[in-house]
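Note sheet for the following structure.
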2 protein chains.
Amino acid sequence: MMDADRAGSPDQTETSSGTAIDSIYRELRRRIIDGIYLPEQKLKIEHLRAGFQVSSSTVREALTRLTSDHLVTAEEHRGFRVTPMSMADLEDLTQARIVLECTALRDSISHATEDWERKLVRAYQRLTRAENRLLHDAASFETWEECNRDFHDALAANSHSMWLKRLRQLLFQQSERYRRLSSLVATSRAEVHAEHMAIFEAAIAHDAERAAALLLDHVWRAANVIRDNAALREALEKGSKRRPCSK
Amino acid sequence: MMDADRAGSPDQTETSSGTAIDSIYRELRRRIIDGIYLPEQKLKIEHLRAGFQVSSSTVREALTRLTSDHLVTAEEHRGFRVTPMSMADLEDLTQARIVLECTALRDSISHATEDWERKLVRAYQRLTRAENRLLHDAASFETWEECNRDFHDALAANSHSMWLKRLRQLLFQQSERYRRLSSLVATSRAEVHAEHMAIFEAAIAHDAERAAALLLDHVWRAANVIRDNAALREALEKGSKRRPCSK
DNA sequence: GAAGGCCATACTATCGATATTATATCCAGT
DNA sequence: ACTGGATATAATATCGATAGTATGGCCTTC
């Protein structure tokens, strides 16, 4: 009844996920990261319920889950809203990311294995292709972002610490919000690619210190690019004090 | 402001919370950390609902929230259960904690202010008292744990990075689970107190490197104590493979 | 004309019941 | 006996409705 819309292939066990909560959770997450829902925007249950054609409880649980990702903030008796963004938060986030990303990378390298390196090479190559394509095809941004995420995941993947990886991923997701906000069209692609390459090579060479230092720079610069670019957008931030319309 | 839930107000942080979900959330969290609910134990909604005299939705949301703390794990169509514990996880957790605790402490010291130091002194003094009391009053363990938490919170409190503090707190909470599991009766109290004192003095002296190094040792040793003590309990862990009865 | 309290309105929190899905049980077929 | 599968059972996911709270506007009062 409810999933009649995407029915059709009997063999396929559900495209996105079995449970409605989960698919709504994912969709909302996407919208928040993509900036479709703006920071501090109110997320009214009734409104979303109607949009998704599900019951309020379902939306409610999806929102509660988003709270774990710190993408949504709940206030008692005042419902849910998109977690705010600010330059201060970006600064903070970047600092924390550097700690986790670099630690995880060092750890990865110190446990280096054939298998990990193979995967890292693959991720790097895909990213390289995506970065080349991006030079003349601005529409492939989506793909690039995915490859970028996979590459950074791959760098950390070999760390034995699930906790480091888990927390790292949480922060990375947060940083994606900021990256989207500042449509980083103006970024000098070449530089970013050079940074990725340098990190990759240091990692493959098992030079943990060098790799970590390069990664530190990389994360830091990316944040700077966002900050500068978002200088324009900051107006938007300040403007959001006047509570953006929810409808 | 918004996360004042477990802040250092010793007077009243209580059940009187406006919403039912929240009070059940807290109670469940307490039970899990205290080990009343064992690792991997199934948390059946219907059973809890009856116990708390509330509706299933309420319990469900409380459980979903616990997922953020990684105290509860949800599997699709298979409900919720207490997140497993293992020696491997303790190892991992300790490593990650060291990174965050030490970074936060360094950061705290580098921004040192009068006010912070005052608060740190107070927390240290309370902890000292609690540790003395603990020598002849084993029942005051509860209090000690609270003071210990406050002291470590205070060490990190002056860091400007909300993210570091947030993640640090998450991991600290996790470590409390392990501390409880191994009723650390046998711990040589004197040593622990000496470690606390040394960290405190280095922090007050603004010797960030020394303080961080001492804290590293402290966290590491605490984990070792737990591991050794829990060697006995490990049987329990292995035994849990045979899924503990959920009633 | 401004401060303060009261009511209508809009949501949220909570409920109890139903639809779905997994797990355990039991029976046939080899 | 043992595997395979149909059915009963137990829990979960989802629903739709109601009880409870905050918020903003309106009216009274000074």
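Note that the structure is a prediction, hence the values are computed from the model and not measured.
Every pair passing salt bridge (Lys or Arg N to Asp or Glu O under 4.0 Å) that includes a residue from residues 83-95 of chain A is listed here, sequence neighbours excluded: A:Glu91-A:Arg227. Counting only residues at least two apart or in different chains, salt bridge (Lys or Arg N to Asp or Glu O under 4.0 Å) contacts with residues 94-104 of chain A comprise A:Arg97-A:Glu101, A:Glu101-A:Arg168. Listed by first and then second residue, the ring pair (Phe, Tyr, Trp, His ring centres under 6.0 Å) pairs involving residues 63-101 of chain B are A:Trp163-B:His70 (not counting sequence neighbours). Listed by first and then second residue, the salt bridge (Lys or Arg N to Asp or Glu O under 4.0 Å) pairs involving residues 47-64 of chain A are A:Glu46-A:Arg49, A:Arg60-B:Glu61, A:Glu61-A:Arg65, A:Glu61-B:Arg60 (not counting sequence neighbours).
Atom C1' of nucleotide D:dC15 and atom CD1 of A:Ile24 are separated by 12 Å, given to the nearest angstrom. Summarising the geometry, the separation between NE2 on A:His47 and C1' on C:dA10 is reported as 14 Å, rounded to the nearest angstrom. Atom-to-atom, CD of B:Glu46 to P of D:dA10 comes out at 12 Å; the value is rounded to the nearest Å. Rounded to whole Å, the distance from CZ on B:Phe52 to P on C:dA13 is 19 Å. Atom pair A:Gln53:CD and D:dC15:P shows a separation of 10 Å (rounding to whole Å applied). Following rounding to the nearest Å, A:Tyr25 (OH) and D:dT14 (P) show an atom-to-atom distance of 15 Å. Atom pair A:Phe80:CZ and C:dC11:C1' shows a separation of 12 Å (rounding to whole Å applied). Whole-Å rounding puts the A:Ile21 CD1 to C:dT20 C1' distance at 13 Å.
For the contact set between residues 55-67 of chain A and DNA chain D, defined by any heavy atom under 4.0 Å, the members are A:Ser55, A:Ser56, A:Ser57, A:Thr58.
Listed pair B:Arg78 / C:dT23 meets the phosphate criterion, a side-chain N or O lying under 4.0 Å from OP1 or OP2. Within the 4.0 Å cut-off from OP1 or OP2 of C:dT12, at least one side-chain nitrogen or oxygen of A:Lys42 is found.
Remark: side-chain polar atoms of A:His111 are paired, donor with acceptor, to backbone N or O of A:Asp107 under 3.5 angstrom. In this structure, the side chain of B:Lys165 does not engage the main chain of B:Ala156 through any donor-acceptor pair within 3.5 Å. Without hydrogens or angle criteria, A:Gln41 side chain to A:Leu38 main chain gives a donor-acceptor distance under 3.5 Å.
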(request) Please assess A:Ser108 against A:Leu155 for the test side chain to side chain contact (heavy atoms under 4.5 Å, CB included), listing each intermediate value before the final yes or no. (result) CA-CA 7 Å; A:Ser108 263; A:Leu155 285 173; over 6 Å; no
(request) Apply salt bridge (charged side-chain N to carboxylate O under 4.0 Å, His left out) to the pair A:Glu176 and A:Arg180, showing each step before the final yes or no. (result) CA-CA 6 Å; A:Glu176 281 187 305; A:Arg180 289 298 176 102; 5.8 Å; no
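An angle of 0°, rounded to 10°, separates the two end axes of the helix from C:dG1-D:dC30 to C:dT30-D:dA1, each defined over five pairs.
When distances are taken from the side chain of A:Thr19 to each of D:dA13, D:dA11, C:dC15, the shortest belongs to D:dA13.
For the pair A:His77 and A:Arg49, both in contact range of DNA chain D, the more 5′-proximal nearest nucleotide belongs to A:Arg49.
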